[in-house]
Protein chains: 4
Amino acid sequence: MSTTLISGGTVVTAEGASVMDVLIDGERIVALLAPGSVPVTADATIDATGKYVIPGGVDVHTHMELPFGGTNASDTFETGTIAAAWGGTTTIVDFAVQRTGERVQDGLDAWHAKADGNCAIDYGFHMILGGIDDDSLKAMDSLVAHEGITSFKLFMAYPGVFYSDDGQILRAMQQAAANGATIMMHAENGTAIDVLVAQALARGESDPVNHGITRPVAMEEEATFRAIKLAEVAGAPLYIVHMSARQAVERVAEARNAGANVFGETCPQYLYLNLEDHLGAPGFEGAKYVCSTPLRSKHEHHQKDLWRFLRTNDLQVVSTDHCPFCFKEQKELGVGNFSAIPNGIGSVEHRMDLLFQGVVDGELSLSRWVETCSTTPARMFGLYPRKGTLVPGADADVVIYDPNATTTIGVETHHMNLDYSAYEGTTVQGGVDTVLSRGTVIKRGNEFIGRAGHGRYLRRDLSGYLL
Amino acid sequence: MSTTLISGGTVVTAEGASVMDVLIDGERIVALLAPGSVPVTADATIDATGKYVIPGGVDVHTHMELPFGGTNASDTFETGTIAAAWGGTTTIVDFAVQRTGERVQDGLDAWHAKADGNCAIDYGFHMILGGIDDDSLKAMDSLVAHEGITSFKLFMAYPGVFYSDDGQILRAMQQAAANGATIMMHAENGTAIDVLVAQALARGESDPVNHGITRPVAMEEEATFRAIKLAEVAGAPLYIVHMSARQAVERVAEARNAGANVFGETCPQYLYLNLEDHLGAPGFEGAKYVCSTPLRSKHEHHQKDLWRFLRTNDLQVVSTDHCPFCFKEQKELGVGNFSAIPNGIGSVEHRMDLLFQGVVDGELSLSRWVETCSTTPARMFGLYPRKGTLVPGADADVVIYDPNATTTIGVETHHMNLDYSAYEGTTVQGGVDTVLSRGTVIKRGNEFIGRAGHGRYLRRDLSGYLL
Amino acid sequence: MSTTLISGGTVVTAEGASVMDVLIDGERIVALLAPGSVPVTADATIDATGKYVIPGGVDVHTHMELPFGGTNASDTFETGTIAAAWGGTTTIVDFAVQRTGERVQDGLDAWHAKADGNCAIDYGFHMILGGIDDDSLKAMDSLVAHEGITSFKLFMAYPGVFYSDDGQILRAMQQAAANGATIMMHAENGTAIDVLVAQALARGESDPVNHGITRPVAMEEEATFRAIKLAEVAGAPLYIVHMSARQAVERVAEARNAGANVFGETCPQYLYLNLEDHLGAPGFEGAKYVCSTPLRSKHEHHQKDLWRFLRTNDLQVVSTDHCPFCFKEQKELGVGNFSAIPNGIGSVEHRMDLLFQGVVDGELSLSRWVETCSTTPARMFGLYPRKGTLVPGADADVVIYDPNATTTIGVETHHMNLDYSAYEGTTVQGGVDTVLSRGTVIKRGNEFIGRAGHGRYLRRDLSGYLL
Amino acid sequence: MSTTLISGGTVVTAEGASVMDVLIDGERIVALLAPGSVPVTADATIDATGKYVIPGGVDVHTHMELPFGGTNASDTFETGTIAAAWGGTTTIVDFAVQRTGERVQDGLDAWHAKADGNCAIDYGFHMILGGIDDDSLKAMDSLVAHEGITSFKLFMAYPGVFYSDDGQILRAMQQAAANGATIMMHAENGTAIDVLVAQALARGESDPVNHGITRPVAMEEEATFRAIKLAEVAGAPLYIVHMSARQAVERVAEARNAGANVFGETCPQYLYLNLEDHLGAPGFEGAKYVCSTPLRSKHEHHQKDLWRFLRTNDLQVVSTDHCPFCFKEQKELGVGNFSAIPNGIGSVEHRMDLLFQGVVDGELSLSRWVETCSTTPARMFGLYPRKGTLVPGADADVVIYDPNATTTIGVETHHMNLDYSAYEGTTVQGGVDTVLSRGTVIKRGNEFIGRAGHGRYLRRDLSGYLL
């Protein structure tokens, strides 16, 4: 096996930052070294002087090839993981889907079939449970025990599609409490929201902005609180996905202060985009920004507070909820009916850059950037210390990040299979220089030199982030 | 019309207490007088010296003859209102029921048929909506406009019986926001509770105490918060019935501090009885105490806090949720299966006495006793100032209350049609001396001298208690 | 003694509103009557049809002739109480002052000397304790027992003048806990504020607006919380005067929810005037608006929240903190040095009108207007039911208020001895029609027909507003 | 320079735990290595198989030789640092003292004189400011710039000794805001407490337990909140020392949720000892447990909550507040007068063991043990990454901790200069095996092989723990 030495860079972890050399042997990191202190020979040396050396990004919320709203998310596991690699993300955890009426194992098998041999970086799966019953509850135990799937996502939204009622949710949480898994929740009151949606459409309010208007903050806050209370009854860990409303995060904070294993995730779109300017863009343009939970009003200081919650660890994780649909033909399914617009924004490629801009802007510390984008996601979902950190023994998923670069985001330059960018023309400071996945350089400068099939399926342990 | 002078008593209202004479002409109070200051002749004089003169009690939560669990609440409108009168309550607001699939107006007509000509005191109706759809929503407007019914009760509990889902609740709340009505809510997460009930029964845990154990505090708190948030979206006033868990009331307090029209009611059973000693009594004895929300644990200081919430006006109303089922044949339906025990406790006769004991114990002021048991219920449900106060122009519903009497509660002495008492053997200080309903003495000393049929149906206005 | 009948008006009390006649015999109300129901002859009849009949206003925070900052408040007890009467206020409670080093009784005697024979309406005294020591603590007991003074004001502001340290405050609170008195608190951290003031002056920031800038919200919130905690240790009731910052009121609300006897008062200036437009007016104009606590920034929604707190009873009382200083010669003492501007705004004449505008604007209900301006102040400070309500037996302090009048406020028309008005040119809807003090008409239409010396000293009981 | 390899142990850091080898060259760690992956030769090898390898403990709150109450803390820098080393603590930050009236630099010089050449481990100083004035404020800047002292402690307790008033506190905080230092606060309302103390003594309540009774929870909570608000006005970071009352920590949590740089520290005595059993021990025995803030009542679940706050990072640091006074002659100064008992408990030797027991008991995770006892203290006070972590480049302060050992605490076996132990007879699981300070083994098995004078003064940077 060949060895690589990354020398002279500032190694940034969740704990701190200092100049160290990183020695890689084959697929793993084998040593951290004070520069010049221990004589080391390596087959290759990468000079990282003046740059940050960070654990590769871990994006725990992606939806490659997801069938939704009569179409499929536009990134395959191949295009999506290559785009992720370009952006400094070296692990994704995607959502396998059990559709209502389907066997859980069948849903999982279908997901393996999509991903197997196609990924450029390592990947794991959460399992969406679209039909809670005795069989799927048993399947949860089996997935935890045998498949390395230790987290299950339920939906309080989308009645008739992924929706579980509170009794089903409680049962799944009880199962998780027993087998150690974590419940992930899409927390919006879909039953109430569907009434608001139907009423808006009946009034002829069909533009994309109505997607946001019919999903009020109070319905995210309510569902978040409900999930917390159900988890309290069941005794299960709970992770709320894609939080956008500060009031909802305050409920997470309240539970956490009381000592509950409740966690929250936000996404770049909630930190940068808003209801008025983006979802409310003229014409059908707003369709590009349709996702759920929706973008929130710029007049209610959600973004300022979300950044704060990231600092105070009331939010622990930044993922993308990457779920791209092209504007042409896909988003356009909802012309004249906002509720038919496929939900999702694609940004698996841009998370590390967009969040580094938060460092530049003084919103996050360097360590907190790494912690929210890499370390905590890995710990939360049982991948640590294999992923999410730079310690001897860990997989050599390493990103060399250049704080002096600048990155301009747009459809011309991005690598996602997506015909628009939600951040078109945005320039941020910093840029991904070099990316290693399990010891192999897969991206260097302006060149992708990895390959589909390099990425391996990750059997995950139980969460390592519980109180 | 004949005149009556109640002289020399201490008139207690929600605002204060002072010695005044009360002059009644026919059915109404026509004057409050400083004793000896204005020469008045009256056909009859009642000497109230040394006693309290208070507005008759207003019990806004009774269920006479309610069909529930395959049987009927054991008090008819006749027996129930006579018992109420004995206990100093001169107005009840009972719940007419629209069963699922039934027309609202038909349910109301059925209730009128039960009550008409049978009541010893005045009565009004709320309407339980067991099936929210376009028709019943329209019926709400009609009841508000034409029937004097301005409050509608929904259930988050009892799936398959009275249960409404969140979309139905939202629609009813929107209707109420438009027509000015108040939504009353049974706030327990019935969908989750039914899972816990089924699991307990499957484990062979069938004793009455399991009724309480399977309805955890968190599920009352959750549903309370959910109702508050749905009401926030709809813009409707919300009144949470029979609150027993301090955590749930804290959610009401939180909403009220924020300026919302959210209100809470508790009942004597939650102030005096508990899960361990009563619901957990040996054998099947606990069945006597099965009601929903359930009695709570004595180890969690709910009672201490409920009294405090009454003092601080975080709870505004004390009602009984009077829903009596005899132990023999009725409660016994649930031998071997707690979930088949009819839910309810009968105490329409004892509310004023049990709460006066709170005054004796220093938990409530005299004025607050009157306010929570009479004035606020009347204002909350559009009966004020006709009921709930003693001012010229008001109905002469007057109770002369003797603070020096003592009252012992028990099945031998009570007047409810109920073969047991939840307060058997309890002695409280104070007692109802004389009761007038619309100017007529209907109870004097140990004698009931009213009659079924004296009571009239009350068309109620919109709530007079909104911010 | 002569009798007066006020007929046909809508009697508004803290509890409700209905059309009633009010019969007065001599100095007292002797009957409330349903119109036309009881034959009554009276020496005089006042037709109040179409108008509100309310208990006279009770202003529990005035400073007539107060020596402060080297000058005296410009209203004497004569001019001040006549102005109060013009504005519908029939009772004031003024602050007698024990200066540091002075005997308490001497300070009280001096206040009686100023007021005796000079007041147009009834008046009581609180006592400011400027020097807590063994003697003044004993004097507290004596004032409660013999002088009808049951409330004592302390200052956390103004070191070197009225300031008490936390040990002194605790001792006074312990004394109050024992003798039943209420502690009133000026809650601002004066020690810290004086540092900010000195620093601002040293930087040459001498304009009036700096008065507000150097008294930050956090220092009102802090002192409020400190007073609450000291009162918790001592077990004494606590009343925070002139609250202007919403954060401070939130601390009061928090304590009240926990069941503490903690109360809060605000004043019209905090509901209508702000830091930028008024205190920050060009030139020296802002001096007109210098008072402590200061006016707050219009950008922090204090006013919106103060109105809400009045609705939710987190604030209980509206007083004026009437402390007028003329612009010429008095306010001008602070030209070039904001800290030398005498603190105070005069509005004893306008409170009832300014708050009725809150009713017009939908901020307060009619009953809540009466409750905050009359009933609760009377109950809070031991004057109820003699003052603050309209019941037989009460003093006949009655205001007939015309909701259809309009009132324009300004120096040309007001009756206070003050050469400017903080509300110059403001027109509000509603106006005081007729005012009776203890049965005597003292103001009718545009005529004052009372007299200095009519007002009597009120010996007050202990607070009737405690939980 | 010689090299040492610590092999085969489980390296535990604040971030995680995994088996690694640690290579030391001279005084520094130079490499972390995956075992067996890189050929390394070392002069010495320590086999840590089956044991934890952790960064040496950092105790940021000690008082060696502190003059207090007419006597001196009984540990010298020599005895105290040797005891610390025995217990796995390799860095202390002690409090140099500026007494009132003394020059700051003189106080610092005196402290250097005590410590220089006498310490067995590395040490830094905070500075207690006992007299805030223009000179001492300037001295703060100088200490930050030139002396490596970046934290300053103020007292809201002890009027007449260390006490600063709120104006002085504000000025010091402003200075800190400007120069980047952190303000440390003893948060108890000493002015009020002194009243309670004098009253207790006057009532003849002189036993040690009265020390706790006269320092009520509310006075810790109050002072904590006051400090937070003063820091908000000044814009300075704030660190509250030795917190014992859950209500006070809740104020810290509230400020932290709002994004403030407010931090809290607790100590082992508050996690294990209580008012009734220890401070209230019979006779004068309780004197052993006199410290401030005092031990709290076991009936108010402070300890349960303090552990929770450590888990949720509402408390960040565990220190000892090591301030030992012998029972004989020192504690005995307070026979007959609890207020004359020197305040302090000695436990510098036991912190790591007592907190590891928290790991054993399931209160803390392994990583959180290291984080609260070593990493965060180092980051908080500008010693990271030199101290508090195990990374290449860091000082080789390493503890090998044996989780299978047991440690019994008592005066016969401890190494502090103290004639009693507050934990006499307590046995905890786990024990310190080997201790290295800057690469030198100073404790091995039952042998101390370090020396006074090995320890060096640490010039500290500004805090690395700010948001």
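These numbers come from the heavy atoms of this one structure, side chains and all, not from hydrogens, waters or symmetry mates. Order of the sequence lines fixes the chain letters, A, B, ..., with proteins taken first and strands second; residue numbering starts at 1 for each chain.
- Side chain to side chain, C:Asp25 and B:Ser37 fail the donor-acceptor criterion of an N or O pair below 3.5 Å.
- Between B:Tyr272 and B:Trp307, the ring planes are perpendicular. Angles over 60° get that label, and only those under 30° would be called parallel.
- With a 4.5 Å cut-off on non-hydrogen atoms, C:Thr375 touches chain B through its side chain but not through its backbone.
- Of the atoms belonging to C:Arg368, not a single heavy atom falls under 4.5 Å from chain B.
- Both the backbone and the side chain of B:Val30 come within contact range of chain C, with heavy atoms under 4.5 Å apart.
- No hydrogens or angles considered: a donor-acceptor pair under 3.5 Å links the side chains of C:Glu265 and C:Tyr239.
- B:Tyr52 and B:Trp369 have perpendicular rings, their planes meeting at more than 60° on a 0 to 90° scale where under 30° would count as parallel.
- Counting only N and O atoms by type, the side chains of C:Arg251 and C:Thr224 include no donor and acceptor under 3.5 Å apart.
- With a threshold of 4.5 angstrom between heavy atoms, B:Leu23 approaches chain C through side-chain atoms but not through N, CA, C or O.
- Neither the backbone nor the side chain of C:Leu466 comes within contact range of chain B, judged by heavy atoms closer than 4.5 Å.
- For the residue pair B:Thr372 / B:Gln316, no side-chain donor-acceptor distance below 3.5 Å is found, with atom types taken as modelled.
- Interface summary for chain B: among C:Met20, C:Arg311, C:Glu371, the most heavy-atom pairs under 4.5 angstrom belong to C:Met20.
- Of the residues considered (C:Leu33, C:Leu32, C:Val11), C:Leu32 shows the highest number of contacts with chain B, using heavy-atom pairs under 4.5 Å.
- Remark: C:Arg379 is positioned above the aromatic ring of C:Tyr384, its terminal NZ or CZ atom under 6.0 angstrom from the ring centre and at most 45 degrees off the axis.
- Of the listed residues (B:Pro35, B:Gly259, B:Ser365), the one with the most heavy-atom contacts under 4.5 Å to chain C is B:Gly259.
- The parts of C:Asn257 that come within reach of chain B are both its backbone and its side chain, each placing non-hydrogen atoms under 4.5 angstrom from that chain.
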